[in-house]
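Right, one structure below, let's go through it.
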4 protein chains.
Amino acid sequence: MTAPGSADWRRYDPPDLPRVLDAALQCFAEQGYHGTSIRDLAATAGLSVPGVYHHYRSKQEILLALMMAVMDELLARSEAALASAPDEPSARFDVLVESLLRFHMFRRQQAFVASSEIRSLAPENREAYVGRRDTQQRMIDDVVTAGVEAGVFGTPYPLDAARAVSTLCVGVASWYREDGPLAPDELVARHLVLARGLVQA
Amino acid sequence: MTAPGSADWRRYDPPDLPRVLDAALQCFAEQGYHGTSIRDLAATAGLSVPGVYHHYRSKQEILLALMMAVMDELLARSEAALASAPDEPSARFDVLVESLLRFHMFRRQQAFVASSEIRSLAPENREAYVGRRDTQQRMIDDVVTAGVEAGVFGTPYPLDAARAVSTLCVGVASWYREDGPLAPDELVARHLVLARGLVQA
Amino acid sequence: MTAPGSADWRRYDPPDLPRVLDAALQCFAEQGYHGTSIRDLAATAGLSVPGVYHHYRSKQEILLALMMAVMDELLARSEAALASAPDEPSARFDVLVESLLRFHMFRRQQAFVASSEIRSLAPENREAYVGRRDTQQRMIDDVVTAGVEAGVFGTPYPLDAARAVSTLCVGVASWYREDGPLAPDELVARHLVLARGLVQA
Amino acid sequence: MTAPGSADWRRYDPPDLPRVLDAALQCFAEQGYHGTSIRDLAATAGLSVPGVYHHYRSKQEILLALMMAVMDELLARSEAALASAPDEPSARFDVLVESLLRFHMFRRQQAFVASSEIRSLAPENREAYVGRRDTQQRMIDDVVTAGVEAGVFGTPYPLDAARAVSTLCVGVASWYREDGPLAPDELVARHLVLARGLVQA
DNA sequence: TATGAATGAGCCTTCATTCAT
DNA sequence: GATGAATGAAGGCTCATTCAT
């Protein structure tokens with residue numbers, strides 16, 4: 001599922017989710033988990049209702065599979081981005097933020113559903129998901145902290161700044177449109193500047 | 001409902017919502033609109049199901065009333081904050097951001113529900129709500145733009161920065177806890193610094 | 001309630017039902033007993049819901065009061081009609097049929113509701129109502145039988161014919177409109193001819 | 001569903017309605033459409049509530065299906081009856097009336113429900129139903145008119161008489177019992193005489 | 001009588017899920 | 001995998017009715 005090797009974390013092919021998860025993505029993005037029925041989902045997937053249950057044991061399992069797939073792609077890209085950068089704090093920051101931005105632009109719905117349906121996960125599933133999300137946040141924390149320690153970032157509150165960077169990137173999924181006024185690269189450039197502003201001051 | 005005069009936009013008494021809206025707030029915050037049944041709501045409010053319908057004609061009407069009440073308080077506080085500031089761009093920016101931050105801290109659940117249940121509004125209601133939300137965003141846009149024109153903010157992308165400021169403040173509602181490690185005033189101070197960083201660079 | 005003396009069984013003033021019964025009449029005629037709520041009824045009567053209960057103890061009591069009022073007026077008019085006729089079988093038949101016809105024309109809704117909501121009466125109420133209705137039918141039976149015995153009616157099946165006469169008159173309530181193409185007296189005249197046809201052959 | 005060929009419009013096998021419609025028939029006949037709940041209906045049909053909705057999308061759809069099935073059988077039998085008669089007005093009248101009578105005897109409940117629940121049909125459905133009912137009435141009108149034109153019926157009011165004939169036949173459904181005192185053929189014979197009385201005079 | 005608030009029971013309908021074929 | 005039939009539980013909402021004021 002598009003977990004590309006270290007070289008092409010910038011490249012976004014059309015997402016290749018299994019039928020049911022793809023349908024779930026559309027439905028959950030539009031109506032939310034609780035607002036979507038298995039019948040909606042089956043219809044969107046072009047399957048019968050028992051056809052859906054042939055692949056997944058429950059609606060909850062579908063949500064979990066979708067959210068995990070999203071998180072796995074995000075983490076894989078983040079790692080690939082960092083791996084592609086020179087061992088230098090500000091370059092590592094730039095590359096991680098760029099990857100987060102691109103993900104929240106080109107996997108807009110995925111990112112939106114993943115961040116808005118956490119509460120719909122059953123407790124045990126939530127735990128597993130939140131663990132991965134924290135791993136992602138820690139990557140940002142580490143990069144910011146390293147920059148501060150190296151003296152290239154001036155912020156007196158590294159962790160607050162790191163969370164703000166994350167918030168900034170995640171927020172992009174709420175409003176980005178492919179047909180918006182800004183070319184993707186320009187949008188990335190501008191928000192990289194904004195992100196740097198968060199860690200500089 | 002807590003629409004304070006211009007002097008006390010910083011003061012947050014315990015919210016004084018009608019029984020049913022208060023129950024809706026708790027339920028929607030925890031389980032979302034579609035995840036909450038009228039029976040949940042009635043139980044939380046200490047009413048019977050028809051008791052709820054005595055006050056509101058439908059679940060949708062409850063959501064609308066709640067979201068409008070939230071938005072109205074937010075707008076009233078924003079206006080009061082601006083009205084209390086000297087006519088000087090950077091002071092106006094600070095005061096508006098501070099008000100937004102406090103609102104998203106002390107009206108945490110309200111802010112969270114309002115921002116996460118927009119899609120659950122019926123189209124005609126959504127329109128009304130989004131209009132108010134845009135009004136709020138325009139206040140930020142204006143303050144940032146004024147600062148750029150006055151030469152006190154250096155950002156080359158005023159509108160992107162203004163949106164990022166909004167995202168930063170709204171995001172606070174996702175993680176803030178009253179019993180967190182930071183005193184409220186300290187938290188405000190730190191995020192004011194972060195917000196300034198977004199418009200400076 | 002318009003139970004006129006023996007002289008004016010032909011005269012129909014606007015019905016003078018108590019507010020609630022009048023509202024019940026309109027509502028039951030349009031939507032049926034089970035299709036009408038107490039709230040519908042209160043709104044139509046211009047009363048509050050408890051206002052309705054001030055006059056009647058239950059919805060069922062309203063139905064019963066209405067149906068009894070209707071039946072009482074019908075019986076009173078039938079008796080008045082017979083009392084006004086010469087003691088001669090064919091004149092008595094004519095006068096009774098004419099009265100039935102007029103009632104089902106000018107008390108159209110009343111007659112319709114009374115005949116269509118019998119099954120909505122609680123068993124003990126139904127018994128009381130059906131007793132009165134049978135009394136009415138027996139008046140027709142008697143008049144037809146008398147005519148046959150006197151040799152002025154030729155039908156070999158007096159009771160079947162009597163029932164058919166009743167059906168014919170009751171049926172008028174299903175289609176009669178005040179603004180229909182036939183003047184009331186003409187309509188009565190024609191159906192009197194038809195009724196005579198039923199007992200003649 | 002018992003839409004017999006032209007030869008056997010006199011033959012009435014036990015009605016062969018689908019489970020749910022058969023249950024609806026019993027329930028609506030006894031308690032009316034609004035007085036019947038889907039739960040009543042499901043219990044009578046020996047199904048669960050969703051089992052009912054598996055076959056029909058709404059209670060209204062059930063009513064419509066039932067009423068249409070009834071009307072279709074009535075029309076088919078009327079046409080078959082006329083097709084089986086010699087091209088002679090009084091024979092055509094007899095055969096049509098006989099068919100109507102038999103239908104209202106042997107499809108008693110169907111006929112009763114169809115005639116008493118018209119107002120429970122949603123407006124668009126009502127239109128469709130009433131169209132068919134008018135078709136039936138026009139068959140009677142035509143047969144009576146033809147008889148008058150041919151000089152075999154003496155009535156000066158053919159359309160009023162035709163309506164009375166219809167009322168007479170429909171009325172049978174209100175009181176006929178299979179275990180009544182009259183054999184079916186005798187009952188038909190008597191009411192044929194009554195019907196002729198309506199068009200003769 | 002009106003108003004306002006309330007309720008247990010019940011309404012029509014849909015839910016997630018299952019099973020036989 | 002599809003189809004068709006089924007279900008216990010629950011959904012939003014309304015019912016007839018009551019009581020305090």
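Proteins come first, then strands; the chains are lettered A, B, ... in the order of their sequence lines, and each starts at number 1. Below, all heavy atoms of this structure are taken into account, side chains as well, without hydrogens, waters or symmetry copies. All of these numbers come straight from a predicted model, not from anything done at the bench.
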Between [X] and [Y], which heavy-atom pair has the shortest distance, and what is it?
X	Y	answer
B:G32	B:E117	CA-OE2, 3.2 Å
D:F28	D:L66	CD1-CD2, 3.9 Å
B:A173	B:F112	CB-N, 4.3 Å

Practice problem: Answer yes or no: is there a donor N or O on one side and an acceptor on the other, between the side chain of B:Y56 and the main chain of B:L63, under 3.5 Å? | Solution: no

Quiz item: Okay, side chain of D:Q110, backbone of D:M71: is any donor-acceptor separation there less than 3.5 Å?
Solution: no

Mind calculating the distance between [atom1] ([X]) and [atom2] ([N]) to the nearest angstrom?
X	N	atom1	atom2	result
D:Y33	E:dC11	OH	P	14 Å
D:L41	E:dC11	CG	P	12 Å
A:L63	E:dA16	CG	P	13 Å
B:D40	F:dA9	CG	C1'	14 Å
B:I62	F:dG12	CD1	C1'	11 Å

Practice problem: Taking only Lys NZ, Arg NE, NH1 and NH2, and the carboxylate oxygens of Asp or Glu, determine whether A:E30 and B:R119 approach each other closer than 4.0 Å. | Solution: no

Quiz item: Taking a pair as Watson-Crick or G-U wobble with both distances under 3.5 Å, which nucleotide is matched to E:dT14?
Solution: F:dA9

Quiz item: In the structure shown, which nucleotide is the Watson-Crick or G-U wobble counterpart of F:dT21, with both distances under 3.5 Å?
Solution: E:dA2

Closest nucleotide among [options] to the [X] side chain:
X	options	result
B:L47	F:dA2, E:dT7, E:dT1	E:dT7
A:K59	E:dT17, E:dA6, F:dG1	E:dT17
B:R19	E:dA6, F:dA2, F:dA6	E:dA6
D:I38	F:dT18, E:dT13, F:dA2	E:dT13
B:P50	E:dT13, F:dT14, F:dA9	F:dT14
C:S48	F:dT7, E:dT3, E:dA16	E:dT3

Quiz prompt | Touch class at under 4.0 angstrom, heavy-atom based, for A:S37 against every strand present | solution = sugar-phosphate

Exercise. Identify whether any heavy atom of D:G51 sits under 4.0 Å from a base atom; if not, whether one sits that close to sugar-phosphate; answer base, sugar-phosphate or nothing.
Key: base

Self-check item: Check: E:dG10 base within 3.5 Å donor-acceptor of D:R39 side chain
Solution: no

Quiz item: Between D:H55 and F:dA6, is there a side-chain N or O to OP1/OP2 distance below 4.0 Å?
Solution: yes

Quiz item: For E:dA2, does OP1 or OP2 lie under 4.0 Å from any side-chain N or O of C:H54?
Solution: no

Quiz item: Want to settle it: does C:V52 or D:V49 sit nearer the 5' end of DNA chain E, counting the closest nucleotide to each?
Solution: C:V52

Exercise. Rounded to whole angstrom, note down the C1' distance from F:dT21 over to E:dT1.
Key: 12 Å

Practice problem: Please figure out whether B:H34 or C:Y53 has its closest DNA chain F nucleotide nearer the 5' end. | Solution: B:H34

